[in-house]
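Everything below concerns the one structure shown next.
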Protein chains: 2
Amino acid sequence: MLDDSDKPKSQARERFDVIYLALRERICLLDYPPGMRLGEEELAQEFGVSRTPLRRVLSRLETEGLLESRQGVGTFVTSFDMEGLRATYRLRLELASLIGRLDPLPVAPESLERIRALIARLDRGPRPDRREMARLFLDFYQESLALIGNPPLREITERLYFLTHRIYLTLMPQMDAAAEVEIFRREMAETLSAMEIGDIEAVGLIRRTHISLCLRRMELAPIPEQP
Amino acid sequence: MLDDSDKPKSQARERFDVIYLALRERICLLDYPPGMRLGEEELAQEFGVSRTPLRRVLSRLETEGLLESRQGVGTFVTSFDMEGLRATYRLRLELASLIGRLDPLPVAPESLERIRALIARLDRGPRPDRREMARLFLDFYQESLALIGNPPLREITERLYFLTHRIYLTLMPQMDAAAEVEIFRREMAETLSAMEIGDIEAVGLIRRTHISLCLRRMELAPIPEQP
DNA sequence: TCTAGTCATGTTGTATACATCTTGGCGGAG
DNA sequence: CTCCGCCAAGATGTATACAACATGACTAGA
């Protein structure tokens, strides 16, 4: 999705990508939490464009399930009930085991370095707050996506991550924060080991395991979400 | 995708769906073949709306990979090179085996009737032309989709079908027409048998097999497509 | 004749004004 | 006091005019 290929993009498409990526990141980092209303006019002013191109971005985010527009009311960040969350997680789980089977890409040395840096960021700093955790998750999964050589699989995996991982983040405060940090640290370390020996299949299986365990922990979390 | 749930849709969304489904079907049936240019003004007039809501539909079809807009040039129906086709088919193949594992839905009796009617349509009539075949494929796969209880999996499976099956149709004239018809007939009959005993897992595996064989036959077809 | 430059033409992209819809508050009748 | 209905305000959806852009034909020069 949003191929970062080197061919020149038109200026219009460039603008679209900037706004799209910015809004998607804000939703993913919970700067725009589920249920929040977004004002089209306000956003258009912020990015220095009219409502027309901005609405194009919002429309796409809506088809991806991140937003929901209701005429006369507003545009809102979506949430998930546990049933929808479970369905999506079960699919993500199956897709994870495919990344090693469908055209895996070779591991880039810089990718290993970046993951080591992420682990160091987690170890050195004090206890990270939720937003810092969200940022770390995002940066880490970017490296995972880089291993997927099958274009539609990469696009779908990315989309489902942005769709559901933010819900996990909203449930984090009701979970054992220190434990979650430690689990994430272990996932990064395990993934790094697998990548170092070039075993992409193992990377997929590690991720599959953690997606499954993550879903289980969410199901045990006390408060359900209202759609 | 485009949930046919019974809750009332706003008038705007209703219009969007009508136009979206109409254009997607035309692309899928090769009424709009790969490479064809679509005029926004012309389409807007046909559907009795202005360019604004029409462009919303075109924008979505573009993110789904069915269209490609270039400023100052036009909006074109996309094609695929063999590499992209192979990647997408390999993913479709893996997804097919999931439909029996992820929340399969019970078989509706009317669905069995409709499939029997499709087989009868193929047996009674004369040798069907390509467009009639495209219509039969579409109607048949609609019944397959109805078995997928996992919403994101159903949406993705549907989207990838509309994205690539039309390419198979463009290659059909260079293949053994009678053989292709017979293969399709057998797939429908096999699927019907599996559905009659409620074995959705088998439905998925049958489909997986035929997707794999279909890709192989396409790879052997003489003329490659230009992107 | 060939070639390079110019511009007219038609397309998609953008800005803006207006239409349509939902919601919440206000006010009067019971 | 309660409840029903109306209306005003603000949101998204739509229509239209204009800008930006790519293409091909045409022309002038070598």
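The aromatic rings of Phe137(A) and Phe184(A) are tilted relative to each other, their planes meeting at an angle between 30° and 60°. Classification of the His165(A)-Tyr168(A) ring pair by plane angle, with boundaries at 30° and 60°, yields tilted.
Residue Gln11(B) places at least one side-chain N or O closer than 4.0 Å to OP1 or OP2 of dC21(C). Close to dT12(C), at under 4.0 Å from its OP1 or OP2, lies a side-chain N or O of Thr75(B).
Contact check for Thr78(B) versus Ile27(B): no side-chain heavy atoms found under the 4.5 Å cut-off. Residues Tyr89(A) and Glu219(A) form no side-chain contact, since every pair of their non-hydrogen atoms from C-beta on lies 4.5 Å or further apart.
Contact check on Arg90(B) versus Glu94(B) returns no salt bridge, with no Lys/Arg side-chain nitrogen under 4.0 Å from an Asp/Glu carboxylate oxygen. Taking a cutoff of 4.0 Å between a charged side-chain nitrogen and a carboxylate oxygen, Glu155(A) and Arg159(B) qualify as a salt bridge.
Rounded to whole Å, the distance from CG on Leu67(B) to P on dG13(C) is 11 Å. Between Glu68(B) atom CD and dT11(C) atom P the separation is 18 Å, expressed in whole Å. Put simply, CD on Glu40(A) is 15 Å from P on dT14(C), counting in whole angstrom units. A straight line from CD of Glu62(B) to C1' of dT11(C) spans 14 Å, rounded to a whole angstrom. We find that CZ of Arg37(B) is positioned 17 Å from P of dT9(C), with the value rounded to whole Å. The CZ-C1' distance, from Phe76(B) to dT12(C), rounds to 11 Å in whole Å.
Within residues 51-59 of chain A, the residues having any heavy atom closer than 4.0 Å to DNA chain D are, in order of number, Arg51(A), Arg55(A).
No donor-acceptor pair closer than 3.5 Å links the side chain of Ser212(A) to the backbone N or O of Arg208(A). Side-chain atoms of Asn150(A) come within 3.5 Å of backbone N or O of Ala87(B) as a donor-acceptor pair.
Place Leu38(A) and Arg70(B) on DNA chain D by their nearest nucleotides, and Leu38(A) ends up nearer the 5' end.
Counting atom types as modelled, Gln71(A) pairs a side-chain N or O with a base atom of dT20(C) as donor and acceptor under 3.5 Å.
Crowding of Gln11(A) atom CD: a count of heavy atoms from other residues, nucleotides or ligands under 6.0 Å not exceeding 12.
The outermost nucleotides of DNA chain D lying under 4.0 Å from heavy atoms of chain A, listed 5' to 3', are dG10(D) to dC21(D).
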